[in-house]
Each structure stands twice: as C-alpha cells, then as structure tokens.
2 protein chains.
Amino acid sequence: MKTKKGTSQELTRGGIIQEAREQFVRNDYRQVSMRNIAKKLGCSHGAIYYHFKNKAELFYAIVEKDFTELNQEIDDIVNCDDMDDNEKLYNLFLRFISFGLNHQNQFEIMFMIRHAEVDSLSQQSASLSYHKFANAIQQMVSQPIAVKIIWSAFISLLGFVSHYRGYVNSFKEAEGAAKTHVLFTMKALIDS
Amino acid sequence: MKTKKGTSQELTRGGIIQEAREQFVRNDYRQVSMRNIAKKLGCSHGAIYYHFKNKAELFYAIVEKDFTELNQEIDDIVNCDDMDDNEKLYNLFLRFISFGLNHQNQFEIMFMIRHAEVDSLSQQSASLSYHKFANAIQQMVSQPIAVKIIWSAFISLLGFVSHYRGYVNSFKEAEGAAKTHVLFTMKALIDS
DNA sequence: TCCTCCTTTTGACCATTGGTCAAATACTGT
DNA sequence: ACAGTATTTGACCAATGGTCAAAAGGAGGA
C-alpha cells in the first residue's frame, strides 16, 4: 500500500509542491533550497528526496501544472465566441504576457533560461505550449502567415516578459507597457 | 609603491579579468567559480579577493568593458555615411542581436536577469547603452516616434537574444532567424 | 647584510548548497 | 505480537562564495 498515516502529519508530494511553489513564486530556482523547503515543512531535507528524485524534478512538477493552466487559457480564447479575431489576438498576446509575469520563475525555466538540470524535462512542455500558441495565431489571422513571422511575434512577447520579470512583481504593474507592446507586435504581424 | 615584483609571476587585475572572461564566455555567472579561476591562474582563490571585492565586482569589470564595445558599435553605425537610414536601422538591430549572442553571459547580466549581487553595478551601464540605442533609432527614422514604441522595439530584440542564448553558441548560428526578426521589428516600428 | 615596512598570497575556516545512504522509525496487514 | 514495507532521519560528501590571521615577498635604508 502506498497510502499510510491516516493521522495528521504526513509528508506528501502535494504538500511539498505546495510549499515549494510558495518559495518559487518569490525566489528564483537557484535561490530556493531543498533545505529551506524542508524546514518550512518541518521535515528533513532528505525526506523530500524520497518523494522527488532531485530539485529539478520537484520544480518541474510545479512548472508542468502551471503550463497546463496556460494551455487552458489559450484554448479558452480560441474557443471564445464573444470576440472577433483581432480582439482574440490582442487578448491572446496580453494573456501570454500576463501569465509570464505572474509566473515569472516558472516561465523563466520554460522559455528563457537554459538550465541543464531542468531542460530535459521542460523542453517538451515548452514546445507544446508554443505550438498551441502558434496554432491559435494561425486561426485568428485572415491570410496565412509564415511560420517565421509567428515565431518572431512569440519572441517579441517573450522579450517583454524576459525584461520585466525582476523589475515588476505582477502583470498589473506592467499592464500599460504590455498593452503598448502587444499592439506593437500585432502591427508587425498583421501588416506582413 | 603599488608596483611590485618586476619578476615573472605576477597576479594582476588584468590577468584575472582575462582568465575570468574566458570562463565567462563559456559558462554562466553562477557556473563560474572563483576557485576555478584561481586554479587556472595558479594562485589561491583568496588572492583574487585581494584584487576584487567579490565575484560580482570581478564580473562587472568584464561586463563594463564589453559594453563600451557595444556603445562604440552603435556610434559607428550612426556616424556611417555609406548607408541610408533604413539600412542603418537594419544594421543597428542586427548588430545589437549579434552582440547579444556573442556576449551571451555579459548580456544576460546587463539586460536580462535580475541579479541582486550584480545589479547595483550593471544598471547604470545598461541604461547608458539603452539610451544610445534609443537615440540612434530616433535619428534614423524620418518622423518622430513615441518613446514607448522604441522601447517595444528594444524589448523585441531583447527577446530574440533572450531566447536564442543557450540554444546557440554564436550569432552565426542564428543569423537567418535574426534577420527575419529584425525585419519583423522594423515593420512594427516604421509603420507606427 | 640585516632590519623594517608595506604589498601580496596563502590556506584554514565558516556557512550554505544539492545530493546520497545506511540506519532508524512508523505503519499495515496478518 | 510480528514481519515487512513505506518513510524519515541525520551524518556525510563535494562544491560554493567569502573572511582573515598569518606567512611570504619585495623595496629601501642603515
């Protein structure tokens, strides 16, 4: 049986992830330590290694969950009936940035920083999210657009997140600049 | 007297920087260790701390030098007489990306990653380079452009470097994509 | 040559990290 | 109660950045 202690104090994957996420929200991958997570959980750091092979795997568990959320958001916009294509595109871009700035450290690991430890795990998820994003764009634009151009648009949004992460604590703080940048990016995309 | 050993084996700021740069080119800030630099220099790691207050200061010394180079390149393009404004803009953007991908780890510290240790030092240089860049753009475009738009163009280029760093070892390997992205960014900038 | 003063350098030391693992502990089913 | 398995512990390892008293190396003067 995998289930154990029906009592109070159990150390579960879920519990570890929860605490790890809390630390991960505020600090970057390398600043968060297994020992500190353990301390907050009231267990030894060794115990965490029973539930997760290593730090990378623990963080990937978080990243994966959050990216499911991003994929869902993309789908929601694509399937929404209340907007025309232009509005959809605008919202898609803005949501992408919003997600990036509200999940800064997860985003960093997925799309920005190459991290030998985490890469092998995150690459697939990142690629999946990108393809959802690219497909969404294709559907929202009247004439077919070169893949290269979509890629440039993606890169452009990535740049926004890449720069503002660290300067800003949440999307709200950069909302104005984000809207400008989204319009900027749309202009290049649509007039192509 | 500051001067010492007229003999062979002296440990100088310059020598340390040179070795540090070599390591910094291949590895990221946190992967480079003072101890390894010392080992390659044939001295103890403590000795480096005599010449540099800490790791951040050592790396800033490198970063600063490289950014002087970037500023120079920007000036060269602005003052060049063989190109019209559009060509200049194209080259400015491409050179910016080129610099970013050929100085990945320096660039990362200057424009991308927020690093409490290094930030206080690098902020000024980064800001200076950005302003040179922004002014150059203003000069190359016929009608005056909103500051916000220039900022978006900068962010867009930053995104390119931000993503390709780590996937690619030098500008050459991403040249094709870079050209596409530069044209993409110019389109948004000029049609504004 | 020897002694002093100042500049460098050393290497032991500290705290902290990710990770491992044998041994101890807590549970579960019988 | 016992056996067997699922967890936890904490000592241990190899790194890291950083500090600092002590040692070494030089230059100049007597």
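We name chains A, B, ... by the order of the sequence lines, and we start the count at 1 in each one. This is a predicted model, so every value here is computed, not measured.
Look at His45(B) and you won't find any side-chain N or O under 4.0 angstrom from OP1 or OP2 of dT19(D). Within the structure, every side-chain polar atom (N or O) of Tyr50(B) is placed at least 4.0 Å from both OP1 and OP2 of dT9(C).
Looking at residues 32-41 of chain B, you'll see Val32(B), Ser33(B), Met34(B), Arg35(B) sit with a heavy atom under 4.0 Å from some atom of DNA chain D.
Crowding of Glu69(A) atom CD: a count of heavy atoms from other residues, nucleotides or ligands under 6.0 Å exceeding 12.
Rounded to whole angstrom, the span from the CD1 atom of Ile16(A) across to the C1' atom of dT8(D) amounts to 11 Å. Computed from coordinates, the Asn54(B) CG to dG18(D) P distance equals 5 Å when rounded to whole Å. Between Tyr60(A) atom OH and dG18(C) atom C1' there is a gap of 21 Å when expressed in whole angstrom units. One atom, CD of Glu57(A), and another, C1' of dG19(C), lie 14 Å apart when rounded to the nearest Å. Atom CD1 in Ile48(A) sits roughly 17 Å away from atom C1' in dC21(C) (whole-Å rounding). Atom CZ of Phe52(A) and atom C1' of dT8(D) are 16 Å apart (whole Å). For the pair Arg30(A) CZ and dT16(D) P, the interatomic distance rounds to 13 Å; values are reported in whole Å.
Of the options Tyr60(B), Phe133(B), Phe99(B), Phe96(B), a ring pair (Phe, Tyr, Trp, His ring centres under 6.0 Å) to Phe67(B) is made by Phe99(B) and by none of the others.
Residues Asp76(A) and Gln72(A) bring a donor and an acceptor atom of their side chains to less than 3.5 Å of each other. Side-chain contact annotation: Asn102(B) with Ser170(B), donor-acceptor N/O pair under 3.5 Å absent. Using modelled atom types and a 3.5 Å distance limit, the side chains of Gln23(A) and Glu19(A) yield a donor-acceptor pair.
Between His181(B) and Phe184(B), the ring planes are parallel. Angles under 30° get that label, and only those over 60° would be called perpendicular.
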